[in-house]
Structures are given as structure tokens and as C-alpha cells.
Number of protein chains: 2
Amino acid sequence: MTAPDNASLYRSIADELKAAIRAGVYAPGARLPSESELADQYDASRGTIRQAFAALVADGVISSRRGARRTVLGGPRLQSFADLVSFSRWARSVGEEPSGRVARLEHRAATLVEAEQLALAEGANVYHLTRVRMLDGRPVMIERTAYPEPVGELVVGIDPSGSITERLEELGLIFADAEHTIDAVPATAEDARLLAVRSRAPLLRERRRTTDPSGVPLEWSEDRYLGQEVAFTVRNSVNRNALSRWHSGPEVS
Amino acid sequence: MTAPDNASLYRSIADELKAAIRAGVYAPGARLPSESELADQYDASRGTIRQAFAALVADGVISSRRGARRTVLGGPRLQSFADLVSFSRWARSVGEEPSGRVARLEHRAATLVEAEQLALAEGANVYHLTRVRMLDGRPVMIERTAYPEPVGELVVGIDPSGSITERLEELGLIFADAEHTIDAVPATAEDARLLAVRSRAPLLRERRRTTDPSGVPLEWSEDRYLGQEVAFTVRNSVNRNALSRWHSGPEVS
DNA sequence: TACATCTTCTTGTACAGCCAAGTTCAGCTC
DNA sequence: GAGCTGAACTTGGCTGTACAAGAAGATGTA
């Protein structure tokens, strides 16, 4: 489990601090060493230590205020971006066995929403994959993912019972940024059948667009989770807020 | 609407850049000026410009990679932390008229969850307020908030039809950090009555703990939104992830 | 035209130093 | 003991420098 030295000093320091926090060396509420102490300890400059701390703040692990020692925030263990993009990786990281069953795979013209989210011209084709995802054999999520053609052509060659995302990464794709929209919807007839729940049961819906480092969309997915079994957690603060709330008005349907 | 000069150079630069992005000077996908250009323009050092950009990255407004100019990310307009903590402020920022109706106000012993979330000793008292929140007169959310005693004593003196949070801020409280847990639940009988929906209708549940700058909990709230009308959006990336996903296992109830 | 190479530009990482502002704590006073 | 004062400590903000690594565009070649 030895963390890689991530090619930069401040990252390896940040990783060590994170590991120490996870291991309980610094409990929630505890005060961390000062910048100068760590600078001595790692033989680094104060600026480098500050970069390491900034990374921890960005992950919502610690809080920092002028004049006072930094303190550890409590709450759930943090997850990496990679764990959010791949259902399989996430499942393993929380100690469960992921699996998947393909419900449908289509190669067709993009819908309006898909074209917009994937930044495609009107009428462009997409690969659209519907899968039921399971934890320890029990269905917990329906995944409806649209891939633009260049990505989709890779996807069709991948075993869909495992992790498509991880395979795409091995093929050289880099998932770098994502935008998630989360709301609650009633299960449709198909949802109910696939997840083995009542029709109109509450589902947690996550719509997600993932892009590569240069901003090119790689996938647009609408995932529906069993409402009470899966939850998302976000941390934010005055200085650091990637969360927003939206009102769409009453639905017509 | 002239932004305050936030007392530090990098903040005012960040604010100007944000305003320019919002105003469309830099459209989504467009490339921003380089660090050296801005350093000349603002007569600041490169480090200060980098701090300003770091703030934009933290807000999920731009993306940044070594070697390439920074680019503007598309997507929804960003909101401030303040808009998330206060329903009233949020409503006004999205152009709707907020209101509230008190359903219940209690002063009682904390439940186990409340005591844990507010870091109170077992048996300590809390003030617990249940309100129905409305947009343009239509109910969209039920707010069930527990305040620790020092805060609650202020709350009872505040007109509950308006914004309690904003009033608390005027009284000197500082809401600095928050942790949000989002899932979907079926409406209980009480929920259904208060929101005028069917029982077991899907609701989006947000559980939120807000703390002051030193980490002292100020409130613990369980808010339930009409499922299809309100959504939360989160942006994250490989370097910056405050979002995580959790599995709680099948519910017994 | 298509491709490879090279130069230039831009951002990332790290160092050093300075002052300001806020916190903490010991010590003093009442 | 309670409260105030002030020194020491700690983080925030800013400047400057240097080099490395990646991206982008220009140039040259086949």
C-alpha cells in the first residue's frame, strides 16, 4: 500500500499526511504540526509544505485559519476522483464485490441532451450502454451511459461484465474532470424491473459528464441508485465550494 | 454590484476574473490570459496570479494543466457557499421569492444522531425547528434543523418566516464549513402532508452539518426537497475532489 | 500533403525572504 | 479566581528567482 512518490515533493508529503490522518495519528479535531516543524522534518521550504496542506484542504480533510494550527476535520473517509468515475473501483474500495449485466447496447443518433453534453454536432452518433450494476450480487444501480463514437468504438471491444472505465484508462484515456448533477426521481417501469423494486420507488439519480484533461467529453451517464442504499457526500467551505443547488420548476409529466 | 476588494490582492483579481467569465468575456472553452500577462496587467507577482487562479480552480470554474493555457469550463453558474447555507439567499440568487412556515419548534434532549453531529454530550438539549420552505409560495422543501443551545437561544428570538441563517450571521455567527450527505427517500406521512405530495413520493434528502471557522458545529439539518424540482451539482477533478459515494446496505424498515 | 523536429511559450515545482494579522498562552494585576 | 496585557508562535499574503516538464506552433523534410 506504499503510496507512490507522485513525482513531486509536496504530493508525497501530502500523501504521508493523509495516510497519517487515516491511520489515526491525527484524530479529528487534533492539531497538526506547524509549517516550520514540517519544513524541518522533510527538509523542504515552507512554501512546499503549504502546497501539501493546500492539497489536504482541497480534499476537505483539514481546516486552516490564520494564526491557528491546522486541525483535522472529522467525517467520512475521503475517496479519490478515480473511485467516483468507476463503479467497480468504488465497490472494491468500500469492500464489496462489483458486477454488471448488460441490458442494452445501441449505436444510434445522439439525443438532443446527449449531443449537448458530449459537445457533438446535431445528428452525430453515439454508443449507448445500459447496465445493471450489482454489489455482492444485489442490484443497486442502473447505468445508462452515452459514449461519443471514438470512445464507443473502444467500448464495444471491452468485456461489459467488468470495469469499462478502468479498461479505457488502460487504453490511454484520461478521465480528468467531471460534473455531477444529483436529484431524486421515481422508478420507471423499466427501472423497477431492472432493480427489482416497486414502480415509482424513490431512486437517487446522478447525471455525470466526464471529460479528459483538455475538456473533451468522454462520457455522459445517467445513473439511478436505490434511494436508501447509496448516498453522496460533499464537503465545502467559504473558500472552496464546488457544490451548487438548482431549481428546475414543477415538472409537467 | 461592484465586488468588494476582499482585502487581498489575489482575491480581488480572482473576483475580477470570475466576473469576466460570468459576463462572457471568456466563454466556456476559451483560453485565459497567461500568468505573466496578468502579472504585468495587475502589477503583481506571478505567485499572486497563481493564487487567484487556484481560487478559480477550487470553485470548478477553470481547468489548468501544465504547459497549456488555462481554459474556462462550461456548465452551470457557480454559487457561493453562502447561497448553500441559506435557503432564502439561494432562492433570491436564482430569482425566486422565498418564504417559510413553522411546523414545529421544540426544546428537547438531543437524539443520538443530533448529539453526535453537533458534538454534544449525551443528554444535552437542542432546539429543533421544522419549517416548510416555499418558492414563490409553493412548498418545495421541509427543513428539520437542530441547533445546539447557545445557537438555539438566538434562533428563538428570530422571526422564523424569514432567513434565520442570515440573521444569525448578522448576530456575529460565522458559517465556515459544511458537510452535505445527499440521498433519496420516500415521503413519510408527515412529509406528504407538508409538501402536498403523495405518500412515498421520491424526495431528495440533504443532511447537512455546518460549523464555524474553528470547527464548532452550528447546526445539523435534514432537508427534504421535492425530488424532481431541486438538484445539486458538484464539480470535481483528479486534483480536487470533495465528493464521495457511500453504500449503507439494505435498509431494514 | 503528411510527418517529424525544434523552438518558444506556459504552467508546475521548489526555494528564500519579508511583513501582516490572528491565535495562544504565560504572566501580571486586581 | 477572573480578567487583562503582551510576547511568542502560526498562518496568510506577496515578491522574487530558478529550473523542469508539457503544449503549441513554426519550420523543415520526405
> Looking for any heavy atom pair under 4.0 Å, which part of the strands does A/Arg70 touch: base, sugar-phosphate only, or nothing?
Replying inline: sugar-phosphate

>> I'd like to know if A/Arg46 reaches the base of D/dG12 with its side chain such that a donor and an acceptor end up less than 3.5 angstrom apart.
In response: yes

>> Using a 6.0 Å distance limit plus a 45 degree cone around the ring axis, check whether A/Arg245 lies over the aromatic ring of B/Trp90.
In response: yes

> What nucleic acid atoms does B/Arg66 come within less than 4.0 Å of, heavy atoms only: base, sugar-phosphate, or nothing?
Replying inline: base

>> Starting the side chain at C-beta, find the nucleotide from C/dG12, D/dT10, D/dT15 nearest to B/Thr48.
In response: D/dT15

> What integer distance in Å separates A/Arg50:CZ from D/dC14:P?
Replying inline: 11 Å

>> Between A/Ser36 and D/dC9, is there a contact of a side-chain N or O with OP1 or OP2 at under 4.0 Å?
In response: no

>> Using a heavy-atom cut-off of 4.0 Å across all strands, would you classify A/Tyr10 as base, sugar-phosphate, or nothing?
In response: sugar-phosphate

> In a check of side chain to side chain donor-acceptor pair (under 3.5 Å) between B/Asp59 and each of B/Lys18, B/Arg235, B/Gln79, which one passes?
Replying inline: B/Lys18

> Between A/Asp40 (CG) and C/dC15 (C1'), how many Å, whole number?
Replying inline: 15 Å

>> Which nucleotide wins on minimum distance to the side chain of B/Arg31, given the candidates D/dT10, D/dT15, D/dG25?
In response: D/dG25

> Which atoms form the tightest heavy-atom contact between A/Glu143 and A/Phe87, and what is the distance?
Replying inline: OE2-CB, 4.4 Å

